[in-house]
Student: 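Please see the structure below; I have some questions.
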Amino acid sequence: MAQHIGIITSGGDCPGLNASIRAIGKGGQDAYGMHVIGFLNGFRGLVQDRSMELDDRTLSGILTYGGTILGTSRDKPNRMAIGDKTRDMTDAIVDTYHRHHLDALVCIGGAGTQKNALLLKNAGLNVVTLPKTIDNDVTMTDTCIGFDTAVSIATEAVDRLHSTATSHNRIIVVEVMGHRAGWLALEAGTAGGADVILIPEIPYRVERVAQAIRDRTRKGKRFSIVVAAEGAMSLRDATTVEKLAIKKRKAESKRVRQSASDQLRAFHEAHVGHTIQLTKQLEGLTGQESRLTILGHLQRGGTPSAADRVLATWLGTRCVRTLTEEQYGVMLAVQGREIRPVPLEEVSGKKKFVSPDHPLVQSARLVSTCFGD
Ligand code: F6P
């Protein structure tokens, strides 16, 4: 049975990370006498060998704290900025693992972390991962730590913005996070009763959105709330991205692939804040005063919801069981009412997107939500 365990949190922070660290730490120590330590700031802490004991003292009282007591980063083991160079630091991580006589490393993170964990598995380490991200885009799992809280925060924002929208007869566009996936916008938009929900998986035509708003005005509804995912795109932009993605996929030389890749990156960088333009376009097309609220990192902050605390505790304690069974190279996925270990090979490099005919999309359409298509 695994006795010496290391934990890292990696990728963007979110509510519920501390609850999962607590569950692994307390569950491992109290029930099985494991020795549990945490490495600081994601994979970088393993390279620098910076760790802390996760004992009764450090784990006490953290269930309700947002963020992560371990700190986090978006560093990758095989491409880490060291001084002014980018280096493969996998060997340094392997050395740290052995120096601490670890039997297993638990990585709590999103899609990128799953990929990095597989690299470490392939380098010979015993790895178990838990899915966390407010984007909910990790494949094979129904949900991820942090998603429920982010949905609640974004929903509350939509609720509050209704007051100003109705009082001033305005269009209010609310930009929510989610990276390239629309889960957060779809759920917060549905929960908040948004009139328009724009998600990356359903490219929109701004004229259609304006038409839906004008239709509402004709019916006497003098305000509209548009929940737009940060990754939502007009049909034209989506076509550009698709063409570049095809160019990259079919590239026969490294030079052409690199150029497509650079163009894609430049496109996505320029797309940040696209809702500013969208808001102006809607004002122009409808003649109705419009305002934009970008929720940003508010969605990742503060106290985890009850559901996230329960999920993190469930996943964390299930992780302890997985460690006692010495079942490695897996991510613990929530599937229905069960948690199942799935091989990292099946998770790595993939993402879970909203299918355009997802039941929740259909249900939102039935209550007259416009998706701009
Ligand atoms: O992955 C979580 C997330 O909050 C995304 O929704 C967002 O696109 C990204 O992280 C923002 O990253 P950062 O905090 O590094 O700016």
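Counting convention: from 1, in listed order, for ligands and their atoms alike.
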Student: Quick test: of every protein heavy atom, which one is nearest to atom 10 (O) of ligand 1, and how far off is it to 0.1 Å?
Tutor: R74 NH2, 2.9 Å

Student: Just by distance, no angles: are the side chains of R318 and T322 close enough, under 3.5 Å, to form a donor-acceptor pair?
Tutor: yes

Student: Could you list the atoms of ligand 1 found under 4.0 angstrom from a heavy atom of I134?
Tutor: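 Once the distances to I134 are compared, the set is 4 (O).
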
Student: Under the salt bridge (charged side-chain N to carboxylate O under 4.0 Å, His left out) rule, what do E156 and R160 come out as? Steps first, then yes or no, please.
Tutor: CA-CA 6 Å; E156 192 193 337; R160 287 178 185 273; 2.7 Å; yes

Student: Of all the non-hydrogen atoms in the protein, which one sits nearest to atom 6 (O) of ligand 1, and at what distance?
Tutor: D135 OD1, 2.6 Å

Student: As an exercise, identify every atom of ligand 1 less than 4.0 angstrom from a heavy atom of H297.
Tutor: 13 (P), 14 (O), 16 (O)

Student: For atom 11 (C) of ligand 1, what's the nearest protein heavy-atom neighbour? Residue, atom name and distance, please.
Tutor: R300 NH1, 3.6 Å

Student: Would you check if the distance from the ring center of F223 to the ring center of H168 is below 6.0 Å?
Tutor: no

Student: Does E326 use its side chain to pair, donor to acceptor, with the backbone of M1 at less than 3.5 Å?
Tutor: yes

Student: When L105 is tested against each of L46, I7, N126 for side chain to side chain contact (heavy atoms under 4.5 Å, CB included), which residue passes?
Tutor: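 Checked L46, I7, N126 against L105; only one passes side chain to side chain contact (heavy atoms under 4.5 Å, CB included): L46.
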
Student: Which ILVMFWY residues can you reach from M233 by hopping between side chains whose heavy atoms are under 4.5 Å apart?
Tutor: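 Answer for M233: V241, L244, L264, F267.
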
Student: Under 3.5 Å, is there a donor-acceptor pair between the H100 and D49 side chains?
Tutor: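 H100 vs D49: donor-acceptor pair found between side chains.
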
Student: Need the ligand 1 atom indices (1-based, order shown) with element for anything under 4.0 Å from a heavy-atom of E230.
Tutor: 5 (C), 6 (O), 7 (C), 8 (O)

Student: Counting only heavy atoms, which portion of L184 has something under 4.0 Å from ligand 1: side chain, backbone, both, or neither?
Tutor: neither

Student: Contact between ligand 1 and G178 is defined here as a heavy atom of the residue under 4.0 Å from a ligand atom; is it met?
Tutor: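 Yes, that is the case, since the closest heavy atom of the residue is under 4.0 Å from the ligand.
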
Student: Using a strict cut-off of 4.0 Å, indicate which atoms of ligand 1 neighbour a heavy atom of M177.
Tutor: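 Near M177, meaning under 4.0 Å from one of its heavy atoms, ligand 1 has 4 (O), 6 (O).
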
Student: Between Q299 and ligand 1, which residue portion shows a heavy-atom distance shorter than 4.0 Å: side chain, backbone, both, or neither?
Tutor: neither

